[in-house]
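What follows is a single structure, written as structure tokens, with notes after it.
Residues: numbered from 1 along the sequence shown. The structure presented is a predicted model; accordingly, all values stated were derived computationally and were not measured.
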Amino acid sequence: MALARRSAAGPTRLLLIVAMTVLATACVFRKPPRSSTQGGAAADLAQLWVEPRDLETRDLFHGSGGAALAPDPYARYELVAIDDSGYSPGYDVRDPRGARWSVKLGIEAQPEVVASRVLWAIGYHQPATYLLTNWQ
């Protein structure tokens with residue numbers, strides 16, 4: 001799988017970023033974690049969003065998981081399950097370290113990673129998400 005750079009007009013690119021942010025935010029509201037010991041609206045907000053105090057030092061290339069959690073593109077992954085639901089095909093795999101990954105292929109994989117980085121940069125909790133150009 002290779003990355004291709006596509007050019008788009010400035011307003012179109014901005015509209016796409018806003019649409020992806022709104023879509024990803026809507027998905028976050030579906031299943032918030034309920035393990036907080038705090039009470040009230042502040043606890044509910046903390047489960048979804050925190051003030052990003054370290055924005056200058058955040059690694060927006062690697063995202064919330066950082067470089068340490070990034071999957072090795074040259075490792076051999078074990079197939080756990082095939083995910084044929086949704087728009088794009090995907091797989092559940094296990095890496096040599098024993099970590100389980102959900103692999104998404106197709107056109108929606110690249111914008112999902114970008115949307116995750118933007119949401120994480122502004123303070124929304126995000127899972128570790130990475131883009132690999134190849135894998136086995």
Side-chain angles (χ1 to χ4, degrees):
M1 174 177 23
L3 294 177
R5 178 177 256 182
R6 295 182 183 178
S7 62
T12 303
R13 190 175 296 155
L14 178 62
L15 180 62
L16 178 64
I17 290 172
V18 169
M20 291 302 293
T21 302
V22 169
L23 178 63
T25 303
C27 293
V28 172
F29 278 104
R30 282 184 165 177
K31 220 160 131 183
R34 297 288 179 199
S35 63
S36 176
T37 58
Q38 299 172 331
D44 290 339
L45 180 61
Q47 292 177 11
L48 176 65
W49 180 83
V50 293
E51 180 72 37
R53 302 187 195 290
D54 60 346
L55 189 57
E56 295 82 23
T57 60
R58 284 193 174 202
D59 181 0
L60 296 180
F61 183 79
H62 290 107
S64 63
L69 289 182
D72 181 2
Y74 303 106
R76 184 170 292 274
Y77 291 82
E78 174 187 352
L79 178 65
V80 175
I82 297 174
D83 181 9
D84 57 3
S85 64
Y87 179 78
S88 297
Y91 305 97
D92 293 333
V93 298
R94 185 176 298 117
D95 70 11
R97 297 179 290 188
R100 290 187 66 156
W101 295 94
S102 177
V103 178
K104 185 180 288 188
L105 304 173
I107 194 167
E108 68 183 282
Q110 295 174 18
E112 181 177 327
V113 174
V114 173
S116 172
R117 298 296 190 274
V118 170
L119 290 171
W120 180 66
I122 61 175
Y124 287 93
H125 298 295
Q126 294 293 301
T129 306
Y130 299 91
L131 178 67
L132 296 181
T133 56
N134 61 11
W135 65 286
Q136 298 180 15

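Summarising the geometry, atom CD belonging to Q110 is positioned 10.0 Å from atom OG1 belonging to T133; distances are rounded to the nearest 0.5 Å. To the nearest 0.5 angstrom, H62 atom NE2 is 8.0 Å from R117 atom CZ. Note: E78 CD to D95 CG = 10.0 Å, rounded to the nearest 0.5 Å.
In the hydrophobic clustering of ILVMFWY residues, with side-chain heavy atoms under 4.5 Å counting as a link, L60 and I122 come out apart. Both V93 and L69 belong to a common hydrophobic cluster when Ile, Leu, Val, Met, Phe, Trp and Tyr are linked at side-chain heavy-atom distances under 4.5 angstrom.
Residues D92 and R100 share a closest heavy-atom pair of CB-NH2, 4.2 Å. The nearest pair of heavy atoms linking N134 to Y74 is ND2-CE2, 4.5 Å. Looking at every heavy atom in both residues, D59 comes nearest to W120 through O-CZ3, 3.5 Å. Taking both residues in full, the closest heavy atoms of G65 and A128 are given as CA-CB, 3.9 Å, listed atom of the first, atom of the second, then distance. Nearest approach of A68 to R97, heavy atoms of both residues: O-NH1, 3.4 Å. Scanning both residues, S116 and P127, for their nearest heavy atoms gives OG-O, 4.1 Å.
No side-chain heavy atom of P71 sits under 4.5 Å from any side-chain heavy atom of W135. For the pair Y124 and V118, the minimum side-chain heavy-atom distance is 4.5 Å or more. Counting heavy atoms from C-beta on, the side chains of V103 and Y77 never come closer than 4.5 Å. Y130 places none of its side-chain heavy atoms less than 4.5 Å from the side chain of V113.
Tested against Y91, the residues V80, D84, D83, L105 include a single side chain to side chain contact (heavy atoms under 4.5 Å, CB included) partner, L105.
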